[in-house]
Amino acid sequence: MPVRTGVIGAGVMGAEHARLLSDAVSGSDVTAVFDVDPARAEAVATGSGARVFDDPMVLIKDDSIDAVLIASADRTHEQFVLACLAVGKPVLCEKPLTPDVAGSVRIMDAESELGAQLVTVGFMRRYDPGYVEMKQTLRDGALGPALLMRCVHRNAASVPVPSAVLISGSAVHEIDIARWVLDEELVSATVHCPRRSAKSGDTQDPMLLVFASAGGVLVDVEVFLNAGYGYDVRCEIVAESGTVLLDAPSPTVRRAAGASARTVPGDWRQRFGEAYRRELQDWIDAVATGQPPRGASVWDGYAATVVADAGVRALATGRTQEAVLRDKPALYR
Ligand code: ISE
């Protein structure tokens, strides 16, 4: 029997998840969709033969839904995740788990009270073959301990957003992937503000963030939402005896007229398409077999939100800010 999945939020990511669940993931069936804009819900439902709900809480409680994917506005994540926990339904919640630390704590307390992990947080880069190989390379030990982690995170263009969104909405990916690849917590954040791009209005864009890990690794992240030329995410770890570089993958290199060119992806759906597919397949497989989730947990979502919050405070104050985590509940140890 396929896992009957309900999708809450039919925007860019909800529509992409619904498409992948319907066309590229085995064992799943998108059977319900909700969006605040009924036309968007209808468009996604038509593509997957799903039923449109006009109330997300009714969708979550409906016995014909086995699992829920949340891709709605960040500020709505908490209420929908808590509703899924209340009825014991597995849920994949797009990043960030919540925009605020207190919301993540409430979810962590609710899941700890339940005594079972039902929540997966959508940090899909953990499923990107390049980052997986990077983590394994470090774990193999031949390069020795990591010393620096250099990150570039460029979007082609962005709608006007508050400067803090470069941290909570974009750099949060580097925060999670640094924790995962290094297998260390991040303990402080510093933000440097270069000259702003003329394309970025009042938003501090680009931005240079520096996070320190508990073991002393420095993670620097350039976030640039209006880079103009494409979507470009790169990462290099500098270790004691060598480096490992996640370059911008391109299936082909074109050479002509004395020049060579690689294609740059337009956005994250293209660059991380395989990561999203693997993340969804892993989620569906775990739900289908009644196993705990294997991706980023609520603890990971909470930790990323704490570090992002430290980054937002560093931006606001111009000073380095500590990221202090509460004790890890037994459920996540
Ligand atoms: C967007 O919300 C995402 O999550 C993408 O993965 C990220 O690269 C982009 O910068 C964000 O705006």
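Owing to the predicted nature of the structure, the values given are computational and were not obtained by experimental measurement. All ligand and atom numbering here is 1-based and tracks the order in the structure. Just so it is clear, the values below take in all heavy atoms, side chains as well, and ignore hydrogens, waters and symmetry mates.
Taking the centre and axis of the six-membered ring of F272, the NZ or CZ atom of R269 falls outside the cone set by 45° and 6.0 Å.
Residue, atom and distance of the protein heavy atom nearest to atom 10 (O) of ligand 1 are S170 OG, 2.8 Å. For atom 2 (O) of ligand 1, the closest non-hydrogen atom on the protein side is K95 NZ, 3.2 Å. Among all non-hydrogen protein atoms, the one lying nearest atom 7 (C) of ligand 1 is H153 NE2, 3.4 Å. For atom 6 (O) of ligand 1, the closest non-hydrogen atom of the protein is H173 NE2, 2.9 Å. What sits closest to atom 8 (O) of ligand 1 on the protein, heavy atoms only, is Y231 OH, 2.5 Å.
Heavy-atom neighbours of K61 NZ from other residues, nucleotides or ligands within 6.0 Å: at or below the threshold of 12.
No part of M13 comes within 4.0 Å of ligand 1, judged by heavy-atom distances. When heavy-atom distances to ligand 1 are checked against a 4.0 Å cut-off, F272 has no atom that comes that close, whether in backbone or side chain.
Among the atoms of N155, some N or O lies under 3.5 angstrom from an N or O of ligand 1.
The backbone N or O of T203 sits nowhere less than 3.5 Å from a side-chain atom of S200 that would complete a donor-acceptor pair.
Salt bridge status for D74 with K95: absent, with no side-chain N to carboxylate O gap under 4.0 Å.
Ring to ring, H153 and F224 are not that close: their centroids are 6.0 angstrom or more apart.
No continuous path of ILVMFWY side-chain contacts below 4.5 Å connects V233 to V210, so the two sit in separate hydrophobic clusters.
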